[in-house]
J.: 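Dumping the structure here so I can ask a few things about it.
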Protein chains: 2
Amino acid sequence: MSTTAPARHGPETRHRILDAAEALFMEHGLDATSLRMITTQAAVNLAAVNYHFGSKENLIQEVFQRRLVDLNRNRLAALDKVEREATGGRVKPSKVLEAFFGPALELACDTEHGGRTFMQLLGRTYTDPNAFVRKFLAEEYAEVLERFLGALYQSLPGVPHEEILWRFHFMMGATSYAIAGTDALQLFAGKFDDADPSRLLPRLMSFLLGGLRAPLADFGEVPDASLSDGEGAKAA
Amino acid sequence: MSTTAPARHGPETRHRILDAAEALFMEHGLDATSLRMITTQAAVNLAAVNYHFGSKENLIQEVFQRRLVDLNRNRLAALDKVEREATGGRVKPSKVLEAFFGPALELACDTEHGGRTFMQLLGRTYTDPNAFVRKFLAEEYAEVLERFLGALYQSLPGVPHEEILWRFHFMMGATSYAIAGTDALQLFAGKFDDADPSRLLPRLMSFLLGGLRAPLADFGEVPDASLSDGEGAKAA
DNA sequence: TTTTAATTCAAACGATCGTTTGAATTCTAC
DNA sequence: GTAGAATTCAAACGATCGTTTGAATTAAAA
């Protein structure tokens, strides 16, 4: 008994609130989810939220940070690995994309521990108009975005940075929708035979690489080599 | 005077409410926008909303329908034109995409009559978890989606329909984010030198075509011709 | 002008929201 | 066991929400 953790209620209550909030935020949205819905599902007292988190806004922030810290750390670690193993200091664009979108899709495949739920929530939160949500999401992504954009710039020499920026924006959009919209958007309802996220990765990666390597629009002829990395689009 | 419309208050009040609602829904989201905010900005009485629209839900629905009816009619007309002018009954995939995404981006360029505001609102509403919003959006898109998917199937013979479905999903995601996220998402804040929507169309079209024509992921070698339409990606 | 319908208006309704309070309870330390 | 901090709890707070009401005002019809 002396080795087991003391039966303090605090941490356990916090976790139950975070889990319930995550699921309900995903199901109904941030605004439409009340603290009473959360505390009821978590089987804790209503006042527990303000006791442990201070406010609903802080709770929202912790729901996202809990997962985003790990996700972005995995992304940076994957980028480190890619750059370390780069032949001749030249990193393939496809490897950079895999380092960024791979960990996200991997988390989206985890249906056991709520990873899928969270990624669906995150995808739709990117466009949340709430000022405070946008602010802390921007802060959470600042470092990762800076590193990956720099890596893409280096891996695509000669391509204007602004074009890369736009295409990375497009890719984040396609990915977010692919994850968040699978069953959230009913437009394609009944059309997808398998919404299995594990089959999503190769499909999406192929699409993203095709988009990244597409000829530039407004500019003159650009050598294909500068937009290609010599590898087929059969992503991992 | 006899030729001018009678100075009835009704229609004018309706329009002012719809315009104010559209702008505020875009700025704060559907839930976070109260009827009091709307009627204050529209300079009409609070009860006018329930008098003219019945409920907030009906108001939301009319805000979207007012623009979507025209947008989707333009899309279908563009597809009709493309199919009519097709050489040998064979429609190029790029033409189908232009018929779908062109009118949307065109509307997104209209900053004078709120078209841009509406398209930003629409883009983020695609992932709204509200059940009733999803339902009427799905109804509004059902016919258009059916026609364009059929056109894509015909224009890409040999490509599994499920793959086309996924890629169309990816394309809608990239487009929605490109429009809705330009200044909604602060992740790229200060990085875009020009967020001019008119320059967005060629950029986006090139990206989408590149993604659509990318080699399939899980399947064996597919002849390039089946994914290409012989035209460069320098979209209109 | 008189009648009648359409529209606007100030005021209030009940419900729900996030948050706070202060006492009751549980755990930790001495 | 006792003191003291940590946590839980039922209850209430003020604010805001969408909606309704019924009278006042305006427009159209007679």
Side-chain angles (χ1 to χ4, degrees), chain A residues 1-25 27-64 128-133 136, chain B residues 1-25 27-64 128-133 136:
Chain A
M1 285 224 193
S2 60
T3 59
T4 64
R8 292 187 34 232
H9 292 178
E12 186 183 343
T13 301
R14 277 181 61 96
H15 286 146
R16 282 223 302 277
I17 292 176
L18 286 171
D19 289 342
E22 183 177 75
L24 289 169
F25 286 155
E27 190 176 351
H28 303 101
L30 302 182
D31 283 351
T33 300
S34 70
L35 295 186
R36 285 166 178 82
M37 294 164 65
I38 295 172
T39 53
T40 297
Q41 174 148 329
V44 301
N45 187 270
L46 167 63
V49 170
N50 284 278
Y51 176 79
H52 286 280
F53 298 93
S55 67
K56 184 182 180 180
E57 282 200 348
N58 285 344
L59 170 63
I60 294 175
Q61 189 162 343
E62 291 216 29
V63 165
F64 282 90
D128 196 296
N130 186 305
F132 122 87
V133 169
F136 85 75
Chain B
M1 286 218 193
S2 60
T3 59
T4 64
R8 291 183 39 228
H9 293 179
E12 186 183 342
T13 301
R14 277 182 61 96
H15 287 146
R16 281 224 302 277
I17 292 176
L18 287 171
D19 289 341
E22 183 179 75
L24 288 169
F25 286 156
E27 190 176 350
H28 303 101
L30 302 183
D31 284 350
T33 300
S34 70
L35 296 186
R36 285 167 178 83
M37 295 166 64
I38 295 172
T39 54
T40 297
Q41 173 147 329
V44 301
N45 187 270
L46 168 63
V49 170
N50 284 277
Y51 177 78
H52 286 282
F53 299 94
S55 67
K56 182 182 181 180
E57 282 199 349
N58 285 345
L59 170 63
I60 294 175
Q61 189 162 345
E62 291 217 31
V63 165
F64 283 91
D128 195 294
N130 185 306
F132 123 88
V133 170
F136 85 74

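These numbers were taken from a predicted model, which means no experiment stands behind them. Labels below follow one simple rule: chain letters A, B, ... track the order of the sequence lines, proteins then strands, and each chain is numbered from 1.
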J.: Base, sugar-phosphate alone, or nothing: which one does B/T39 contact when heavy atoms must sit under 4.0 Å apart?
T.: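 Nothing, no nucleic acid heavy atom in range.
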J.: Would you mind reading off the distance between A/K56 atom NZ and D/dT16 atom C1', rounded to a whole angstrom?
T.: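 Atom-to-atom, A/K56 to D/dT16, this comes out as 13 Å.
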J.: Could you check whether B/A48 gets within reach of a base, just the sugar-phosphate, or nothing at all, counting any heavy atom under 4.0 Å?
T.: nothing
J.: Within this structure, what is the CZ-to-C1' distance between A/F25 and C/dG18, rounded to whole angstrom?
T.: 12 Å
J.: Considering heavy-atom distances to DNA chain D, does A/N45 or A/R36 have its closest nucleotide positioned more toward the 5' end?
T.: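 The 5'-side residue here is A/N45.
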J.: Considering only side-chain heavy atoms of B/N50, which listed nucleotide, D/dT19, D/dT8, C/dC17, is closest?
T.: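 Minimum distance to the B/N50 side chain belongs to D/dT19.
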J.: What nucleotide, of D/dT19, D/dC9, C/dT19, holds the atom closest to the side chain of B/L35?
T.: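 Out of D/dT19, D/dC9, C/dT19, the nucleotide with an atom closest to B/L35's side chain is D/dT19.
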J.: What is the minimum heavy-atom distance between A/F132 and A/Q61, and which atoms define it?
T.: CE1-OE1, 3.7 Å
J.: Might you point out which heavy atoms bring A/A20 and A/I38 nearest each other, and give the distance in Å?
T.: CB-O, 3.8 Å
J.: Quick check: does any side chain N or O of B/K56 sit under 3.5 Å from a backbone N or O of B/S34, one acting as donor and the other as acceptor?
T.: no
J.: Find the distance A/I38:CD1 to C/dT16:C1' and express it as a whole number of Å.
T.: 15 Å
J.: Tell me: CD of A/E57 to P of C/dT19, nearest whole Å?
T.: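 Roughly 8 Å, once rounded to whole Å.
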J.: Given atom CG of A/L59 and atom P of C/dC17, what is their separation to the nearest angstrom?
T.: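 Whole-Å distance recorded here is 15 Å.
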J.: So, is A/S34 close to the C/dT16 phosphate, meaning a side-chain N or O under 4.0 Å from OP1 or OP2?
T.: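 No, because none of the side-chain N or O atoms of A/S34 sits under 4.0 Å from OP1 or OP2 of C/dT16.
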J.: Nearest 0.5 angstrom please: B/T40 OG1 to B/N45 CG, how far?
T.: 10.0 Å
J.: Looking only at heavy atoms, what is the nearest atom pair of A/A32 and A/M37, with distance?
T.: O-SD, 3.6 Å
J.: Would you mind reading off the distance between A/H52 atom NE2 and D/dT8 atom C1', rounded to a whole angstrom?
T.: 8 Å
J.: Between atom CD1 in B/I17 and atom C1' in C/dT8, what is the gap in whole Å?
T.: 11 Å
J.: Tell me the interatomic distance from B/R14, atom CZ, to C/dA6, atom C1', rounded to whole angstroms.
T.: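 Taking atom C1' of C/dA6 as the reference, CZ of B/R14 is at 14 Å.
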J.: For the side chain of A/S55, counting heavy atoms from C-beta on, which of D/dG18, C/dC17, C/dT19 is nearest?
T.: C/dT19
J.: Which nucleotide in the set D/dT7, D/dC9, C/dT7 lies at the smallest distance from any side-chain heavy atom of A/Y51?
T.: D/dT7
